[in-house]
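Data first, discussion second: the structure below is written as structure tokens.
Chain naming here is simple, since letters A, B, ... match the order of the sequence lines and numbering starts at 1 in each.
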There are 2 protein chains.
Amino acid sequence: MEKTLNTPSFRPLYDQIKMLIKKGLIDGEWRPGDVIPSEMELAARFKVSQGTVRKAIDALAAENLLIRRQGKGTFVSSHSQERIHTRFLRIVRDDGKSDHLESRLLECRRDKACDTAASYLGVRAGSAIYTVKRVLLFSGKPVVFDTIHLLASQFKGLELSQIEAFQGSMYSFFETRYGVNMVRAEERLKAVPADAEAAQLLGLDVGAPLLRVDRVAVDYEDRPMEWRRGLCNSAQHCYSNVLA
Amino acid sequence: MEKTLNTPSFRPLYDQIKMLIKKGLIDGEWRPGDVIPSEMELAARFKVSQGTVRKAIDALAAENLLIRRQGKGTFVSSHSQERIHTRFLRIVRDDGKSDHLESRLLECRRDKACDTAASYLGVRAGSAIYTVKRVLLFSGKPVVFDTIHLLASQFKGLELSQIEAFQGSMYSFFETRYGVNMVRAEERLKAVPADAEAAQLLGLDVGAPLLRVDRVAVDYEDRPMEWRRGLCNSAQHCYSNVLA
DNA sequence: GAGTGGTCTAGACCACCAA
DNA sequence: TGGTGGTCTAGACCACTCA
């Protein structure tokens, strides 16, 4: 109903509604997997027309925060029940066929952030973090060696056995056990020679070329929650991306 | 006006309008850089409401085929007059600062498609193609060595001197001189050891790890127009990507 | 059949741009 | 001042899902 907020710094109504819905996500009013209220209900609640709510939801769906299902409702996007395997994992087989994926956890230790990790995670060097190492197997063969850094403040009491016991992806685990939802990530790729550890784990010679994928993942509020470095044997696999 | 095409294979009106506008792009009714008719004009032409045209244009703008400019009109997206440098070139400096970009052309020869090129370009092995080689300099330093393969049938009479004489990016050149508009691309990355040619051109040792970026670029009709392989020295630069 | 998201319309008004 | 895209509304109707 509020109309025409004349000029300086005009902000469309649907954008304000979008932020109100996002606030509901941040505050945990609706959790991943939940249905949010119908468009008509939200329209009544915010005192705007259904079309305006619709536009707000469209924007959030475009950012993959919400998922619309015709006839059923609009759901909070979740790492637990989706085909996000292609959304955050861009490593695929060269021939395009799908692999059986398996994660082998190596260690989980409490640690102090090095300068690099601290800068990526937005904390002071030396801050408490967890470091998790694992190998990703594609059809039984080790292809990616991941070193994952997490803010200790957000993942209190993280243990290797918990992660191992959990059925599902690691982001699904974070979401379910810690209420931390990875919503977006930035990756930076380089080619590097394999060091001794990676070479041993991936069954390669030291110095063999590896695809190094650095990732910073953020939550609803764009706060960095994870920094990971993946070392990938790109002999039979590659990093796939679409430019549009 | 046409309403309710009851069930089997229901197709929304705006989607049909979208395809009609796309047809205008394919047929060259509006060329890159042109303004297309206003929403009201198109609505009258297609006998639908302005809102429906709007939704069709929104979809095409989301695919980067059109660009909306409030108060001015809707334009056909062009490689000539945009900041697409970040759209198709994902190599950036590690520190995020921007580099001065320069392209040094090495050769352009007519040649027969090898099996790989033929399969990527959707033609028979041995078909006539052009092969262009160049080095991309970032602030004066050679960073990427590109080998570009183009269908001879689409780029008749391509000469090194033409490309060199042209002011602007290579895709801008293709668009202006050959009416070939690269609209979307798929990239696949690997880490590979430098061969003698790449090592020499990029000032590295043979065997040094390089980021190999294979790209297939397609036109409005999704036909592959270009296959290129870029070999990138990722010592001071990296391939940057956002996952959302 | 009731409820949800999805489409389409018609009309009013606003923000932006250029002449 | 007039034209363009952008927002917002109110209402009708359709497609999909599930009980």
Can a donor-acceptor pair be found, under 3.5 Å and without considering hydrogens, that links the side chain of A:Y130 to the backbone of A:G157? yes
Examine distances only and state if a side-chain atom of A:D219 and a backbone atom of A:E221 form a donor-acceptor pair shorter than 3.5 Å. yes
Candidates [options] - which lies nearest the side chain of [X]:
X	options	answer
A:L13	D:dA15, C:dA10, D:dC8	D:dC8
A:S38	D:dG5, C:dC8, C:dG5	C:dG5
A:F10	D:dT9, C:dA15, C:dC8	C:dA15
B:E39	C:dT7, C:dG5, D:dG6	D:dG6
A:T74	D:dT9, C:dG5, C:dC8	C:dG5
A:Y14	D:dG6, C:dC17, D:dC8	D:dC8

Rounded to whole Å, how long is the line connecting atom [atom1] of [X] with atom [atom2] of [N]?
X	N	atom1	atom2	result
B:R11	D:dC14	CZ	C1'	17 Å
A:L66	C:dT4	CG	C1'	15 Å
A:Q70	C:dA2	CD	C1'	15 Å
A:M40	C:dG6	CE	P	15 Å
B:I57	D:dT7	CD1	P	14 Å
A:K47	D:dC8	NZ	P	17 Å
A:R69	D:dC18	CZ	P	10 Å
A:I67	C:dG6	CD1	P	12 Å

Report yes if a side-chain nitrogen or oxygen of [X] is closer than 4.0 Å to either non-bridging phosphate oxygen (OP1 or OP2) of [N]; otherwise report no.
X	N	result
A:R68	C:dG6	yes
A:R54	C:dG6	yes
B:K72	C:dC16	no
A:K55	D:dC8	no
A:T52	D:dT9	yes

Decide whether A:S240 and B:E187 meet the rule of one side-chain donor and one side-chain acceptor closer than 3.5 Å. no
B:G71 vs A:Q50, nearer the 5' end of DNA chain D by closest nucleotide: B:G71
Does NZ or CZ of A:R69 come closer than 6.0 Å to the centre of the six-membered ring of A:F75, within 45° of the ring's axis? yes
From the options A:Y171, A:F166, A:Y178, select the one residue that forms a ring-ring contact (aromatic ring centres under 6.0 Å, His included) with A:H79. A:Y171
